[in-house]
Amino acid sequence: MPDEAFNKALPKAYDFREVEPHWYKEWTEKGLFVATFDPERPYFSMVIPPPNVTGVLHIGHALNNTLQDILVRYKRMDGYNTLWVPGTDHAGIATQIVVERRLDAEGQSRHDFGREKFIEKVWEWKASSGGKIIEQLKALGCSCDWSRERFTMDKGLSRAVREVFVCLYEEGLIYRGNYIINWCPRCRTALADIEVEHKQTEGRLWYMRYPLAEKSKEITKFITVATTRPETMLGDTAVAVHPEDPRYKDFVGKDLMLPLINRRIPVVADAVVEPEFGTGAVKVTPAHDLNDFEIAKRQGLQSINIFDENAILTEAAGQYAGLDRYEARDQVIADLKKQGLLEKEEAYDLAVGICYRCKTVVEPRLSKQWFVKVAPLAGPALKAVKDKQTILVPASWERTYDEWMTTIRDWCISRQIWWGHRIPAWTCAACGEVIVAREEPEACPKCGNTDLDQESDVLDTWFSSAIWPFSTLGWPDKTPELEIFYPTSVLITSFDILFFWVARMMMMGLHFMGDVPFKHVYLHALIRDIEGKKMSKSKGNVIDPLTIIEKYGTDAVRFTLAAFAAQGRDIKLAEERIDGYRHFVNKIWNAARFVLLNLKTGEEAMAEPPEPDSFSDPSERWILSRLNQVTGNVRKALDEFDFDVAAKELYQFFWHEYCDWYLELAKPALTGAEPDRQDAARWVTLTVLDHTLRLFHPFMPFVTEELWHHLPGQRDHIMVSPFPEPVNAWSDARAEGIIKQVMEVVSSIRNARSELGIHPGAKITVIALPHSEKAYHFLDSQENAIKTLAGVETLDLPREGELRPEDTAAVILEDLEVFIPLEGFVDIKEELQKLTKEEKKLGKELAKTEAKLKNENFLFKAPQEIVQKERDKINKFQIKLKKICSHKETLEGILRS
RNA sequence: GGGCGGGUAGCUCAGUGGGAGAGCAUCGGCCUUACAAGCCGGGGGUCACAGGUUCAAAUCCUGUUCCGCCUACCA
């Protein structure tokens, strides 16, 4: 009898809004996310890729953190000491921009406050509106150990940053120097190479004439150079040509007169010049082009800086001082034209560098910056991946990693902004000595002067991120956390920060901890919109995870993301897909509701699992056998980071095997009058539900936790219950074979019914004709199952040869036939057509198979089992064909009569 | 310029040497007492194109083409 209490306890439709908020609170309050330190158990640890404090959760975060949470929940259930460290990144430039914009809205700028006051403002902002994203991660269900939440600028981490900086400096791996760096005139700071994005732009190539300083009779009077940035000519200090270029041989060593500025500049020979490009002569602007800077170093040329920090022309640009770089460009062109020195201009596409934060066109600029010498760090990091100490998943990234690590240039780590870790270097005002120290020095160690200026630059945000895996665990102290949880087990991140972050963590981890920071790096795809475009606010194609969570529920969103997370491919996310999985969550809910409805009131025990042998019904042995396989498959998939495979396996099993077949098969037993059969069915329905809920939990934490507490018996939380192990004793190939055949028979009868137009509710009589003893036993024993599922009232089972029923439609299977009486309402001609169509199809396949078997090469070279398989096919086809023919004859007979 | 990934059903994608698959969409039939957010059934594909290897190719190789991404100091 259905239990009314349960019926009331579980509403007919799942309402995630009711269920989700409750459980997260309870998990947190009970401290279930807090790391365990049991020395007996293996460990599993991860550090979160720290989102920006300014950030709001976007769909990429949702994917990233869902995958992390799936893993950590799986491992936690599986008995590991687990630690998932959460935190946020101070995101130097990004955060400073946010706060500056707010000030700007009030008509103020950071300079109105000064450095200290401004930084205070940022901290205030962080306290009031930063870290929103942490709350959003909680809504997503992330089971981070929140008691260990860190921030890249908190006290401990700042100390670690300083320690790392000082050590590297003392080892000579950090240096200061004058180099061409990428300068963002809007952010007014240097950028690292990878912080510059390249955008294909329609530009122009201008050809300008530089006359010879001393006119000579033998040679032409000028050299033409081509450039995409004519304004930089104001800072030219030479023109370079290829040493072998016959056109310019006579010019080398002579001086040209730089137009507009009237400065004498030499013509130099340098091998980097491509004679084929442009005119084969290149203007050299050492202060504003890396290539030119290198030439200048080789040729001993001077550098003239013509831009200030806002990309406004300086005094060095003479009459052009005070102009913006683009105004200057127009002016220079106009003036050259006037003097007849602009030979021509042509359209030219080029890739311009833009700031990855604010998209302003960057200006290469010569300036004094701090650098990390990367080569000595990159070597070990390269080797660690080659030696599989850290395994990249998917492995295809190894090549990219490799290439980047071998061509990497020194890392510019100083930024001319205020928000960040200030570089711990001081300069003595008296003697100029540079002091790098952990603590602020009181006096110059060289001359004793106390007038010291601290370096005003701060460190690149990625500098502190690079040490995140160990700084968050307490380094430089020797903590139990470091002892137990380093190296971390896996890092899950998006591939677009492989270089920004992962590679640098590898270098720093190896250098300071002497070990890799993580054993596995799983690089997941980027989520794109349905057209494959990157999601961005300006394009208006973003899917906001918070909105869809609101709409479909967290579990549905999480499951969707997991099901999409196939390795090595971008994810094109369409919202409709989430709706499908929302239905699935409801399906689970209702299956559970059904199981509970059929349990005895209250006391139904999960006591001792009976041996599968003791079940009389193959359907029960089958579903347990399948559960055993599925459990193994899910574990394997998760161990290999195949989240999509795990999700799909579970989906298929739960819906299309457990719900569609097993629960339907169990209905007669559950509602029947045989107590033993009823108990067995109850036990199996409940056991499979119990196991699958636990298998589902990492993907769908909320609905599983809720249902778990409705199951009978004393239950702790599902999130700390054991993750199911395969039960090999349940494996039962015979039962699987039987049920497979039941499915075949039932499907064919259903198919025939549908095509014959027999009303689904109509209970019909069918005649089943076995062609073997085995088939007879099968039909005899599975009569009830077939009747239940195919809507059959009476199943007549004659012995072979006893009967050849007339006036019937036939379902022809391998060693049995099922006849459905036509009873006048079926078009025999249509039935004949159907049979003819099937006959044709079979005939084709038969011919194909026969041809194969006539091919001696095939017989000789193909493996035995493949050949045998083909032979079996022939048999099968021939029997079926024969039966189809005979049935056609019968029908034709009826037509004639 | 270099590198990587992809082109399979209307859409989104699995499948990586032996009889073309899933979800969604679509069409037809069902309110069968867990679920209409459901159930049952059907239709739909020269696996981008062209060569090659093989007894056998969606799968391996070569070329072509289209799409996407990353990378780059031809001014």
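Fair warning: this is a prediction, and the values are worked out from it, not measured in the lab. First the proteins, then the strands, lettered A, B, ... as listed; each starts at 1.
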Within the structure shown, what part of the strands sits under 4.0 Å from A:K873 by heavy-atom distance: base, sugar-phosphate, or nothing? base
P atom, B:rU65 versus B:rU12: distance in rounded Å? 24 Å
What distance separates A:F564 CZ from A:H524 NE2, expressed to the nearest 0.5 Å? 14.5 Å
For B:rG41, does either OP1 or OP2 sit under 4.0 Å from a side-chain N or O belonging to A:R750? yes
Whole-Å distance between B:rG3 P and A:W397 CH2? 16 Å
Given the side-chain rings of A:Y552 and A:Y581, with only the six-membered ring counted for Trp, is the space between their centroids under 6.0 Å? no
Comparing nearest nucleotides in RNA chain B, the 5'-proximal residue of the pair A:E403, A:N855 is A:E403
Figure out the CZ/C1' separation between A:F559 and B:rA22, and round it to whole Å. 13 Å
Dot-bracket encoding of pairs in RNA chain B, which uses [ ] for pseudoknotted crossings and | for another strand, Watson-Crick or G-U under 3.5 angstrom: ((((((((.[[[[.)..(..]]]].(((((.......))))).....[[[[[..)....]]]]])))))))....
Taking A:K848 first and then A:E845, would you say they form a salt bridge - that is, a charged N and a carboxylate O separated by under 4.0 Å? no
Taking atom NZ of A:K283 and atom CG of A:L258, what is their separation to the nearest 0.5 Å? 8.5 Å
Among the candidates B:rG41, B:rG3, B:rG19, find the nucleotide nearest to the side-chain atoms of A:R399. B:rG3
Taking atom OG of A:S494 and atom CZ of A:F500, what is their separation to the nearest 0.5 Å? 11.5 Å
With respect to the side chain of A:F499, which nucleotide from B:rC70, B:rU12, B:rG41 is positioned closest? B:rC70
Select base, sugar-phosphate, or nothing to describe what A:H288 touches, counting heavy atoms under 4.0 Å on all strands. nothing
Looking only at B:rG38, B:rG19, B:rG18, the nucleotide nearest the A:W655 side chain is B:rG38
Nearest-Å distance, NE2 (A:H583) to C1' (B:rA25)? 13 Å
Any idea how A:W404 and A:F499 line up, ring-wise: parallel (<30°), tilted (30 to 60°), or perpendicular (>60°)? parallel
When all nucleic acid strands are considered with a 4.0 Å heavy-atom cut-off, which category describes A:K876: base, sugar-phosphate, or nothing? base
I'd like a table of atom pairs between the protein and nucleotides 72-75 of chain B - only N or O on both sides, under 3.5 Å - with the distance next to each one.
unit_1, atom_1, unit_2, atom_2, d
B:rC73, OP1, A:R409, NH1, 3.1
B:rC73, O2, A:N291, OD1, 2.6
B:rC73, O2, A:N291, ND2, 3.1
B:rA75, OP2, A:Y348, OH, 2.7
B:rA75, O2', A:A226, O, 3.2
B:rA75, N6, A:E274, O, 2.6
B:rA75, N6, A:F277, O, 2.9
B:rA75, N1, A:E274, N, 3.3

Once each nucleotide of nucleotides 28-36 of chain B is scored for protein heavy atoms under 4.0 Å, what B/S/- sequence comes out, 5' to 3'? -SS---BBS
Can you tell me how far apart CG (A:D555) and CH2 (A:W589) are? Round to the nearest 0.5 Å. 11.0 Å
Contact class for A:R753 vs. all strands (heavy atom < 4.0 Å): base, sugar-phosphate, or nothing? nothing
Determine the Euclidean distance between corresponding P atoms of B:rC60 and B:rG17; express it in Å to zero decimal places. 8 Å
A:F495 atom CZ is separated from B:rG5 atom P, nearest whole Å, by 13 Å
Would A:D402 and A:R399 pass as an ion pair if we require N to O under 4.0 Å? no
Heavy-atom count around A:E550 CD within 6.0 Å, excluding the residue itself: above 12? no
CG (A:L859) and NZ (A:K854) are apart, to the nearest 0.5 Å, by 11.5 Å
Over how many whole Å does the gap from A:E197 atom CD to B:rU71 atom C1' extend? 13 Å
Distance between the P atoms of B:rG28 and B:rC13, in whole angstroms? 29 Å
Distance check needed: B:rC24 C1' versus A:F584 CZ, whole Å only. 15 Å
Centroid-centroid distance, A:F643 to A:Y522, less than 6.0 Å: yes
B:rG10 versus B:rA72 - spacing of their P atoms, nearest Å: 40 Å
Starting at atom CZ of A:R871, determine the distance to atom C1' of B:rG19, rounded to an integer number of angstrom. 17 Å
From OH of A:Y581 across to P of B:rG38 the rounded distance in Å is 14 Å
Just say parallel, tilted or perpendicular for the rings of A:F559 and A:F584, cut-offs at 30° and 60°. tilted
Whole-angstrom distance between B:rG2 and B:rU59, as gauged at atom C1': 28 Å
What's the gap between B:rC47 and B:rC11 when it is taken at their P atoms, as a whole Å value? 16 Å
Reckon A:P364 touches a base, only the sugar-phosphate, or nothing at all at heavy-atom distances under 4.0 Å? nothing
Over 12 foreign heavy atoms within 6.0 Å of CD, A:E346: yes
What interatomic distance, in whole Å, is found between P of B:rA9 and the corresponding atom of B:rG15? 15 Å
With sugar-phosphate meaning primed atoms plus P, OP1 and OP2, does A:W206 contact a base, only sugar-phosphate, or nothing at under 4.0 Å between heavy atoms? nothing
Tell me whether the centres of the aromatic rings in A:Y651 and A:F699 are closer together than 6.0 Å. no
Integer angstrom distance from the P of B:rG63 to that of B:rC70: 25 Å
